[in-house]
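Remarks on the structure that follows.
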Protein chains: 2
Amino acid sequence: MSKKQETKARILDAAQVLFAERGFAETSLRAITTRANVNLASVNYHFGSKKSLIQAVFDRFLADFTKELSRELRLMDASSEPVTIELVLEGLIEPLITINKQQANGISIFMRLLGRAYAETQGHLRRYVTERYGHVLEQFTAQLQKAYPSLDMSQVFWRLHFMLGSLIFTLAGSEALREISESDFGQKVSIEELIHQIIPFLAAGMRAEA
Amino acid sequence: MSKKQETKARILDAAQVLFAERGFAETSLRAITTRANVNLASVNYHFGSKKSLIQAVFDRFLADFTKELSRELRLMDASSEPVTIELVLEGLIEPLITINKQQANGISIFMRLLGRAYAETQGHLRRYVTERYGHVLEQFTAQLQKAYPSLDMSQVFWRLHFMLGSLIFTLAGSEALREISESDFGQKVSIEELIHQIIPFLAAGMRAEA
DNA sequence: ACTTGTTTAAAACATACGTTTCAAGCGATG
DNA sequence: CATCGCTTGAAACGTATGTTTTAAACAAGT
C-alpha cells in the first residue's frame, strides 16, 4: 500500500493553481515543487512526466465536476417538472458553486484551466478531455435540446459553444473583471451574483430567432 | 533610413501564426526564424527581445483592427439611422471580415491571439493592450449603451464581456468546431455564416430581462 | 573607389528546464 | 531487530532557449 498520498495531493494542489495562473509551459516543475514543499524528483516519481501531471490535474478536477453535473442532469431527467433552458443552466452552475465552496476562487481556477485546455490546438490535452468527458457534454446537449425541441441539433451545438464561450471567458477572468467593475461602478460583485447575471443572458441567446 | 523592412515583416508574419497556433512560451525564436527564413539574431536586432516581438505582433494586428472599428463606430454615430444592437455588432464584425479577406484564417488567428492576451494574468501584455487600445473599447461600449439606453452601465459592461467571450472563444476555436460540425451534421459552415449565427444570439442576450 | 552606417550570418554564451540517477530515509512485516 | 518495498533528497545530466558577440556583407553618399 502507498504510504503518502499527501505528497501527490500537495503537488496537484500547487500545480492546479500555478497552471491556472500562468499556463502549462510557463510553470516549471521547480515552481510547483517549491510551492508544494516537496522534492523536485517527486513529480516524475509520482506522475512520470510533466505532461502526465497536467492530465492528472484535469482528471481530478473534471472527475468531481462531471460526476456532480451528470447527477444533476439525471435528476432533471427523472423529474416530472418540464425542462427549461434556465433549469439546464442551473444544473451546470450548481457543480461550479460546489467547487467554489471547496476552494477559494475555485471557479476561476477551473475555468482558466478549461480555457487553456481549449486553447491547445496541437496538444493531446484537448483530445484527452473530450474523449474522456465528452459523454457528459453530450448528456448536457441532450437536455438542452429537450428544453428547446424546435431548434435543430446543429444550432443547439453552436449555441452551446456560444454559451460555453461566455461562461469560460467571463469566469476565467472574473477576478480582474470584478475589480474593474468595482473601480468603475463602485460595487463589488460576488461570483455567485455574476453567475446569476449570466444565466438570463445565455437563456435569452438560446431562445433567439434564427 | 532603414533598408529592409522585409525581414521585419517576415518575422511578424511567422510569429503571428505560430503564436496563435501554439502560444507564446511554446513558440521558440528558432521556430519563428526558421519559418520566416531569416537569421536567428535578426529578432533581437529588429525587436530587441522576444517580449517586444510579441507586443509588435499585437500592435500590427490591433492597429489595423481598431482603426477600422473606430471608423465604423464614427460612421454609425454620424448616421441618422437609429442605433441598434445588431448594427453595433455588425460594426464589430466588419473589420473582422476585412482581416479574413487579407489573410487566410485571419479571424481565427486574431481571436486566438486575443484569447491568449486575455489569459495572461501576470504578463504585461493584457495591460499593454487595454491601455493602448482601451479607448476603442470605450467607444464601442458607448454605442452599445446608446442602442440600449435603459440598461445601466454596469450591466452593459458585464454583457459586453459575455459577448466578447462568445465571440473570442467560438471564433478562436472555429476551425476545430467547424470540423466537428461537419462530421456530426454533414454541413460545413463558413466563418461568415458562423458569425451571422452568433449575432442574433448575442443581440438576444443583450436584450434579456434582468 | 573609399568610407560609413545598417543589416545579416554563424557561433558561442549563460541559463533554465525536464528528467535521471543513486543513496539515504522510512514504515511495515517477518 | 533485520529485511524489504516504497518514498524522499540532493545532485547531476543533457538539452533547448533567449540573448550576445563578432565578423562579414551590403547599400548609399561623397
Side-chain angles (χ1 to χ4, degrees), chain A residues 1-60 113 116-117 120-125 128, chain B residues 1-60 113 116-117 120-125 128:
Chain A
M1 280 293 138
S2 58
K3 274 181 286 184
K4 287 224 167 179
Q5 292 288 65
E6 193 193 326
T7 302
K8 228 171 153 174
R10 291 251 290 280
I11 292 172
L12 285 173
D13 287 341
Q16 178 173 288
V17 173
L18 292 178
F19 284 154
E21 257 177 26
R22 312 180 191 175
F24 304 119
E26 295 88 343
T27 303
S28 69
L29 294 184
R30 283 168 177 83
I32 295 171
T33 53
T34 299
R35 180 183 235 267
N37 268 313
V38 300
N39 188 269
L40 169 61
S42 55
V43 172
N44 285 287
Y45 176 77
H46 283 288
F47 297 96
S49 67
K50 185 181 181 180
K51 181 182 270 184
S52 301
L53 170 62
I54 295 174
Q55 288 193 352
V57 168
F58 272 86
D59 264 335
R60 194 177 62 159
L113 286 176
R116 294 193 189 280
E120 301 274 323
T121 307
Q122 182 140 352
H124 308 149
L125 186 55
Y128 177 80
Chain B
M1 280 291 139
S2 57
K3 275 183 284 185
K4 287 223 169 179
Q5 292 288 62
E6 193 193 324
T7 301
K8 228 171 152 173
R10 290 252 289 280
I11 293 173
L12 286 172
D13 288 340
Q16 179 173 289
V17 173
L18 292 177
F19 284 155
E21 257 176 26
R22 312 180 190 173
F24 305 118
E26 295 88 344
T27 302
S28 69
L29 293 185
R30 283 165 179 84
I32 294 171
T33 53
T34 299
R35 186 190 171 101
N37 268 312
V38 300
N39 189 269
L40 169 61
S42 57
V43 171
N44 284 287
Y45 176 76
H46 283 287
F47 297 96
S49 67
K50 185 181 182 179
K51 182 182 269 185
S52 302
L53 170 61
I54 296 174
Q55 288 193 353
V57 168
F58 271 87
D59 263 337
R60 195 177 61 160
L113 286 176
R116 294 193 189 280
E120 301 274 323
T121 307
Q122 180 140 354
H124 309 148
L125 188 54
Y128 177 79

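When reading the values below, keep in mind they use all heavy atoms of this one structure, side chains included, and skip hydrogens, waters and symmetry mates. In what follows, chains carry the letters A, B, and so on, assigned in the order in which the sequence lines appear, proteins first and then strands, with residues in each chain numbered from 1.
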Requested in this report: Would you please test A:Ile54 and A:Phe47 for side-chain contact (heavy atoms from CB on, under 4.5 Å) and show each step?
Outcome: CA-CA 9 Å; A:Ile54 295 174; A:Phe47 297 96; over 6 Å; no
Query raised in the report: What orientation do A:Phe24 and A:Phe58 show, parallel under 30°, tilted 30 to 60°, or perpendicular over 60°?
Result: tilted
Query raised in the report: If only side-chain N and O atoms of A:Ser28 are considered, is one of them under 4.0 Å from the OP1 or OP2 phosphate oxygen of C:dA16?
Result: no
Query - Residue met sooner reading DNA chain D from 5', once B:Lys50 and A:Arg30 are mapped to nucleotides - result: A:Arg30
Query raised in the report: Between atom OG1 of A:Thr27 and atom CZ of A:Arg35, what is the distance when rounded to the nearest 0.5 Å?
Result: 10.0 Å
Report task. Let me know the distance between CD1 of B:Ile32 and P of D:dG18, rounded to the nearest Å. Result -> 8 Å
Query raised in the report: Taking the side chain as C-beta and beyond, is there a heavy-atom pair between B:Arg30 and B:Val43 under 4.5 Å?
Result: no
Query - Nucleotide D:dT20, atom C1' - distance to CG of B:Leu40 in whole Å - result: 11 Å
**Report entry** Between C1' of D:dT7 and CZ of A:Phe47, the distance in whole Å
**Finding:** 14 Å
Query raised in the report: Counting side-chain heavy atoms from CB outward, which of C:dA10, D:dG9, C:dT19 is closest to A:Ser49?
Result: C:dT19
Report task. Provide, to the nearest angstrom, the distance between the CD atom belonging to A:Glu6 and the P atom belonging to D:dT7. Result -> 13 Å
Requested in this report: Find the distance B:Arg10:CZ to C:dT7:P and express it as a whole number of Å.
Outcome: 15 Å
Query raised in the report: Checking all strands, does B:Thr27 fall into the base, sugar-phosphate, or nothing category for heavy-atom contacts under 4.0 angstrom?
Result: sugar-phosphate
Requested in this report: List the atom of B:Glu21, the atom of B:Arg116, and the distance in Å for their closest heavy-atom pair.
Outcome: O-NH2, 3.4 Å
Report task. Would you indicate, yes or no, if C:dT6 has its OP1 or OP2 atom less than 4.0 angstrom from a side-chain nitrogen or oxygen of B:His46? Result -> no
Report task. Just compare C:dA10, D:dA10, D:dT19 and give me whichever is closest to any side-chain atom of B:Asn44. Result -> D:dT19
**Report entry** Spacing of B:Tyr45 atom OH relative to D:dT19 atom P, expressed in whole Å
**Finding:** 17 Å
Query - Distance in angstrom units between B:Ile54 CD1 and D:dG18 C1', rounded - result: 12 Å
**Report entry** OP1 or OP2 of C:dT8 under 4.0 Å from side-chain N/O of B:Thr7
**Finding:** yes
Query raised in the report: Within this structure, what is the CG-to-C1' distance between A:Asn39 and C:dT20, rounded to whole angstrom?
Result: 12 Å
